[in-house]
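Okay, so here's the structure we're looking at.
Lettering of chains follows the sequences in order, A, B, ..., and the numbering in each one begins at 1.
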Protein chains: 2
Amino acid sequence: MTSKPADRYHHGDLREALLAAGEAVLAERGVEDFTLRECARRAGVSHAAPAHHFGDAAGFLAELAAVGFDRLTTAMEERRAGAGPEPLAQLHAIGRGYIAFAVRNRALFQIMFRHDGTGVGSANLQRAGGAAFGVLQAAMARVLAAHRPAQAPLPSLALAWSAVHGFATLLIERQLDACLGQGGIQDLETDLGGAMLTLMTHALAAPPTIPAG
Amino acid sequence: MTSKPADRYHHGDLREALLAAGEAVLAERGVEDFTLRECARRAGVSHAAPAHHFGDAAGFLAELAAVGFDRLTTAMEERRAGAGPEPLAQLHAIGRGYIAFAVRNRALFQIMFRHDGTGVGSANLQRAGGAAFGVLQAAMARVLAAHRPAQAPLPSLALAWSAVHGFATLLIERQLDACLGQGGIQDLETDLGGAMLTLMTHALAAPPTIPAG
DNA sequence: GCCTCATCTAGACGATGTCTAGATGATAGT
DNA sequence: ACTATCATCTAGACATCGTCTAGATGAGGC
């Protein structure tokens, strides 16, 4: 897939080629069977070549995660742009984009939200993750400004993000198979995901009083 | 930690000893650095011993996940029992138990919801997972019976489970650090998690109409 | 045209998961 | 009590992995 420019000693654009190979390996083999050496093989370079560009495996995965966050940001923005002016509808659309991205990029989605343990990951990952978060945050700000200007944004943001992220996670980990129709994961456009999102967006526009806690 | 009974050739209860060792390794080293050989080392047996009891690494992790689900079920039931008779309060308490379990058993929680790819995992894992799901399902059934008897259970269940699971996941993956107070992950009893759960439980008792979709 | 240095290769090392053959001993049948 | 069976566990080998080191290559600045 990734073009290997003849057999020159210097690749020319090895970094990008490795990222592309990494994404392919991730999609085909999954996170468990992801391998640095396989990525190098696909890019047509030696097994130690990735180390020079990404340090180690964790650094490589961090850059792949950053690519994933950039894609997620784009996907969410596209859905939002096509959802009309109503803030609640835009938030709903963003949720759909988030879930659809997770389903279509399972392994990539998995590494995106995997905390390193070793610090905070690369600066690029932080930038990309922050940008994706910003889309959600801005959409929520518009919803609250239009429907509940007195509501503190953080709990609403936590609920929306958690619900969407949790649904996406449970979906790709096959935990919702028993709850889904026979269509399975594929027909997300009309099924459980939509109903869940509707219930959630409703919650954010309803009064915050609660019977008991 | 796990008692190694002298140096008898037959361990006597190697299966349980390996599970205990596995849980310890998981807690200390995390999922990434989890190793079959290290578990065998801690149990005082040869590196190939686990294979006879669990088949391969995936089988071992599946049994560990089953242990985790049993613990989660217990934790949720305990919280529910101490939350009084109101269904909504019980659901809220179950959510607290779910999140607290994830925080206190990060690595174990991570493998519990990791889909194998190779089939459905062990029968024991399916049993334990089903039992944990049953706690949530029953609590939701009581909430709907008391507050919204006409509401279809699946969307509400999906929202509640997704929100709780998503919040727990984002929390242990350090994605909510920017949203949390200076107390960080530890003070869950009064902070963002509680506010999010309140908003969620409220949504499940409110009318299901929604302005726009 | 030369020199510097980023880029990439080749090989080695320790560690891991899994396979195989064989050692051990608990247990059941007689 | 004796023995055979078979689950249990050991020891070693093998392919593969991530990472380290030394060295080869050649693009670009002077």
>> For a 4.5 angstrom cut-off between non-hydrogen side-chain atoms, does Leu36(B) reach His47(B)?
In response: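 Contact flag for Leu36(B)/His47(B) side chains = no.
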
Spacing between [X] atom [atom1] and [N] atom [atom2], to the nearest angstrom:
X	N	atom1	atom2	result
Asp56(A)	dC17(D)	CG	C1'	14 Å
Asp33(B)	dT16(C)	CG	P	10 Å
Arg29(B)	dT16(C)	CZ	P	8 Å
Glu38(A)	dC17(D)	CD	P	8 Å
Arg41(A)	dT16(D)	CZ	P	8 Å
Phe54(A)	dT19(D)	CZ	C1'	16 Å
His53(A)	dT19(D)	NE2	C1'	16 Å
His52(B)	dA21(C)	NE2	C1'	14 Å

>> So does Ala81(B) get a backbone contact from the side chain of Gln90(B), meaning a donor-acceptor N/O pair under 3.5 Å?
In response: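 No: the side chain of Gln90(B) does not pair with the backbone of Ala81(B).
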
>> Closest approach to the side chain of Leu14(A), judged atom by atom: which nucleotide of dT8(D), dC8(C), dG17(C) is it?
In response: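 Among the listed nucleotides, the one closest to the side chain of Leu14(A) is dC8(C).
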
Could you label the plane-to-plane angle of the [X] and [Y] rings as parallel, tilted or perpendicular, counting under 30° as parallel and over 60° as perpendicular?
X	Y	value
Phe34(A)	Phe60(A)	tilted
Phe69(B)	Phe113(B)	perpendicular
Phe133(A)	Trp161(A)	tilted

>> Does Glu173(A) form a salt bridge (Lys or Arg N to Asp or Glu O under 4.0 Å) with Arg106(A)? I'd like the steps, not just the answer.
In response: CA-CA 9 Å; Glu173(A) 300 298 345; Arg106(A) 186 177 121 95; 3.5 Å; yes

>> Nearest heavy atom decides the nucleotide; on that basis, is Leu36(B) or Ser46(A) closer to the 5' end of DNA chain C?
In response: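 On the 5' side of the pair lies Ser46(A).
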
When you compare the protein's N or O atoms with those of nucleotides 12-15 of chain D, which come within less than 3.5 Å of each other, and at what distance?
| residue | atom | partner | partner atom | Å |
| --- | --- | --- | --- | --- |
| dG12(D) | O6 | His47(B) | NE2 | 3.0 |

